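In what follows, a structure is listed as structure tokens, so that the remarks can point back to it.
On a predicted model such as this, the values are computed, not experimentally measured, just so you know. Remember, it's 1-based here, ligands and their atoms both numbered in the order they're listed.
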Amino acid sequence: MYKQTNWSKMRTSSFAVVLFISLCLPSSSWVTADNSVYDNFLQCLYNYSQPSNSISGVIYTPSNSSYSTVSQSYIRNLRFNESTTSKPLLIITALEVSHIQIAIGCAKTHGLQMKIRSGGHDYEGVSYVSDVPFFVLDMFNLRSINVSIKDETAWVQTGATLVDNIIDALIIDVNGNLLDRASTGEDMFWAITGGGGSSFGVVLAYKINLVPVLAIVTVFRVERTLAQNATDIVHRWQEVADKLDNDIFIRMIIDVVNSGGNKTIRASFVSLFLGDTERLLSIMIAGFPELGLQKSDCHEMPWLESVLYWTGFPNGTSVDALLSRVPQVLTHLKRKSDYLKEPIPKEGLEYIFQRMMEFVTPILTFNPCGGRMAKISEFATPFPHRAGNLANIQYATNWKEDGVEAANHYINLTRMLYGYMTPFVSKFPTGLF
Ligand SMILES: *[C@@H]1O[C@H](CO)[C@@H](O)[C@H](O)[C@H]1NC(C)=O
Ligand SMILES: *[C@@H]1O[C@H](CO)[C@@H](O)[C@H](O)[C@H]1NC(C)=O
Ligand SMILES: *[C@@H]1O[C@H](CO)[C@@H](O)[C@H](O)[C@H]1NC(C)=O
Ligand SMILES: *[C@@H]1O[C@H](CO)[C@@H](O)[C@H](O)[C@H]1NC(C)=O
Ligand SMILES: *[C@@H]1O[C@H](CO)[C@@H](O)[C@H](O)[C@H]1NC(C)=O
Ligand SMILES: *[C@@H]1O[C@H](CO)[C@@H](O)[C@H](O)[C@H]1NC(C)=O
Ligand SMILES: *[C@@H]1O[C@H](CO)[C@@H](O)[C@H](O)[C@H]1NC(C)=O
Ligand SMILES: *[C@@H]1O[C@H](CO)[C@@H](O)[C@H](O)[C@H]1NC(C)=O
């Protein structure tokens with residue numbers, strides 16, 4: 001018996017797919033999860049503890065002095081780091097398959113909801129917040145990555161942040177069986193490969209295809225305000241970004257900035273190109289001359305350094321920074337998404353830019369589809385939004401203040417702009433929420 005998954009809340013980007021799995025078990029005793037349910041559940045875990053698995057050593061109950069730290073360590077949205085946020089009855093920081101199997105077995109027997117927290121971002125706290133009594137199966141220790149250069153594949157445990165292009169998986173089902181793609185079958189495999197397989201089991205690891213990259217790639221970031229023809233350039237981006245060349249990706253970010261005391265719109269074009277500056281410039285002059293890209297805007301670097309550049313690390317940061325599991329920035333945040341099927345006309349852009357200057361937030365990020373993504377049919381994976389879309393739009397609002405009032409204010413602003421965008425984005429149904 002599986003709870004229906006609200007997959008529309010799950011998000012993926014072209015570069016990273018992160019799944020948070022919430023295995024929902026028979027619900028009859030959720031609402032009455034009183035002390036005896038908790039005590040029996042805990043006793044059940046201890047009953048299974050043996051020297052060979054020692055699950056007792058990875059259980060954090062609220063009376064444990066490390067409980068708060070463990071609980072808060074992987075909160076990636078401070079909106080869910082409030083005293084009013086629901087807290088898990090306990091946390092199991094699994095180290096091995098048997099810990100997951102015992103957690104599933106005891107959750108099933110005692111009717112407790114299990115939230116599974118993997119390694120990546122989670123905008124809405126779905127992997128560690130619930131409105132029924134629950135515990136967290138935390139996967140952060142399970143993050144080994146084994147790369148086979150020979151086969152051009154890698155096995156990645158789900159405590160790591162994942163990339164797309166999944167070809168196999170290890171999943172522990174509701175009966176505690178450890179299965180792979182061959183033994184679980186194609187339907188189950190399809191269901192857990194994107195867009196939020198929230199209800200099917202605990203995914204321990206994914207096998208992914210590796211894609212070769214050149215030794216040196218080229219990046220740029222170019223900014224244009226309204227006075228620098230941002231409206232025309234944004235309009236043109238919509239016509240060309242998904243069609244320019246398979247080796248180029250140009251993200252467009254639109255925000256409100258101050259220019260000599262007046263608010264204006266700034267469009268930033270951030271790009272990764274699998275090639276050198278010379279070929280990049282020739283593609284841009286032929287296909288997107290309106291941007292006015294200059295040779296001095298282009299920076300050649302190893303692909304790994306381009307990841308730092310994209311993530312916003314200062315120039316010169318060591319690539320070791322990528323090994324840190326502490327985010328650069330933690331804020332309260334709200335994200336929403338839409339899909340663009342047709343370019344927004346210039347008058348539409350002008351209207352939206354006016355609204356943005358009134359509200360200041362959210363920031364809009366446009367990620368183009370096209371290239372390899374345009375060849376993935378909407379039925380190939382549970383995440384259907386690739387072929388047939390020009391771009392994904394993300395609405396992003398960040399704020400510093402704690403509390404429900406601030407959250408409501410900023411969520412409201414985000415929803416208002418989202419509402420104003422409705423005529424311009426995919427509908428019947430909308431792409432995402
Ligand atoms: C734990 O094990 C004891 C002894 O075998 C048994 O009596 C008890 O019912 C078990 N408790 C739970 C919650 O499984
Ligand atoms: C907290 O729980 C962990 C994991 O079970 C355990 O290793 C540690 O000793 C506990 N700490 C305290 C103070 O009880
Ligand atoms: C989360 O909340 C706790 C308790 O208020 C606080 O100590 C901690 O610093 C907060 N975490 C972050 C990253 O702000
Ligand atoms: C990687 O290999 C090690 C050693 O064989 C193994 O313990 C680990 O589970 C493997 N990780 C993955 C993700 O396959
Ligand atoms: C803006 O576009 C106009 C008309 O195409 C052009 O004359 C002008 O030079 C452009 N301005 C900038 C800053 O690119
Ligand atoms: C700011 O706006 C005022 C009023 O429209 C205008 O007079 C002024 O030139 C603007 N300043 C800049 C730097 O654009
Ligand atoms: C980083 O700094 C070096 C040295 O100042 C410079 O040559 C290089 O172009 C800079 N890279 C980027 C991406 O700005
Ligand atoms: C946002 O707040 C305004 C003013 O309080 C209200 O009129 C509007 O309905 C709210 N919008 C949303 C989408 O909640």
Side-chain angles (χ1 to χ4, degrees), residues 19 29 33-50 53 55-56 59 61 89-90 94-112 118-119 135 139-151 153-163 165-172 176 178-181 202-210 216-223 268-273 276-277 280 293-319 321:
L19 298 184
S29 52
D34 50 24
N35 287 343
S36 75
V37 170
Y38 171 74
D39 290 345
N40 287 337
F41 176 66
L42 193 57
Q43 190 55 50
C44 178
L45 296 176
Y46 283 124
N47 268 8
Y48 281 106
S49 189
Q50 284 161 11
N53 66 47
I55 190 172
S56 60
I59 299 169
T61 62
L89 294 171
L90 57 81
L95 291 172
E96 51 180 85
V97 171
S98 68
H99 296 162
I100 301 168
Q101 290 166 324
I102 294 168
I104 292 172
C106 291
K108 198 161 67 162
T109 305
H110 297 286
L112 261 192
S118 305
F135 71 99
M139 303 289 282
F140 69 85
N141 283 318
L142 293 165
R143 55 176 191 257
S144 72
I145 298 175
N146 296 341
V147 176
S148 168
I149 297 293
K150 183 172 134 283
D151 298 339
T153 61
W155 273 104
V156 182
Q157 285 184 330
T158 47
T161 303
L162 300 185
V163 289
N165 213 345
I166 295 163
I167 53 173
D168 203 344
L170 294 178
I171 178 168
I172 297 146
L178 176 62
L179 307 170
D180 63 6
R181 179 176 183 168
V202 179
V203 180
L204 175 66
Y206 285 107
K207 187 181 189 181
I208 58 171
N209 261 331
L210 300 179
I216 298 292
V217 300
T218 307
V219 296
F220 68 79
R221 181 186 189 99
V222 169
E223 298 174 352
S268 305
F269 300 85
V270 192
S271 180
L272 172 65
F273 177 62
D276 61 15
T277 302
L280 171 58
L293 185 70
Q294 302 295 312
K295 192 173 180 187
S296 56
D297 298 321
C298 304
H299 303 279
E300 294 183 354
M301 59 181 67
W303 174 80
L304 195 54
E305 284 177 26
S306 79
V307 178
L308 290 172
Y309 179 90
W310 267 77
T311 317
F313 284 101
N315 189 3
T317 304
S318 156
V319 292

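Considering every non-hydrogen atom in both Met139 and Thr158, the closest pair reads CE-OG1, 3.4 Å. When every heavy atom of Gln101 is checked against every heavy atom of Leu178, the shortest pair comes out as NE2-N, 4.4 Å. Minimum interatomic distance between Val163 and Ile208 (heavy atoms only, all atoms of both residues): CG2-CD1, 3.0 Å. Taking every heavy atom of both residues into account, Phe313 and Ala321 meet most closely at CE2-CB, 3.9 Å.
Looking from atom 3 (C) of ligand 1 to the surrounding protein, the closest heavy atom is Asn47 ND2, 3.5 Å. Looking only at protein heavy atoms, the nearest one to atom 10 (C) of ligand 4 is Asn146 ND2, 2.4 Å. If you check which protein heavy atom lies closest to atom 13 (C) of ligand 1, you get Asn40 O, 3.2 Å. Given atom 9 (O) of ligand 4, the protein heavy atom at minimum distance is Gln157 NE2, 3.9 Å. In terms of protein heavy atoms, atom 1 (C) of ligand 7 is closest to Asn315 ND2, 1.4 Å.
Ring planes of Phe41 and Phe135: tilted class, angle from 30 to 60°.
A donor-acceptor contact shorter than 3.5 Å links the side chain of Asn53 to the backbone of Gln50.
Atoms of ligand 4 lying under 4.0 Å from any heavy atom of Trp155, numbered from 1 in the order shown and given with element: 12 (C), 13 (C), 14 (O). Interface of Met301 with ligand 7, defined as ligand atoms under 4.0 Å from a residue heavy atom, comprises 13 (C). Annotation for ligand 7: atoms under 4.0 Å from non-hydrogen atoms of Tyr309 are 13 (C).
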Go through the steps for Tyr309 and His299 under the test side chain to side chain contact (heavy atoms under 4.5 Å, CB included), then give the verdict.
CA-CA 10 Å; Tyr309 179 90; His299 303 279; 4.3 Å; yes
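Of the protein's heavy atoms, none falls inside 4.0 Å of atom 7 (O) of ligand 7.
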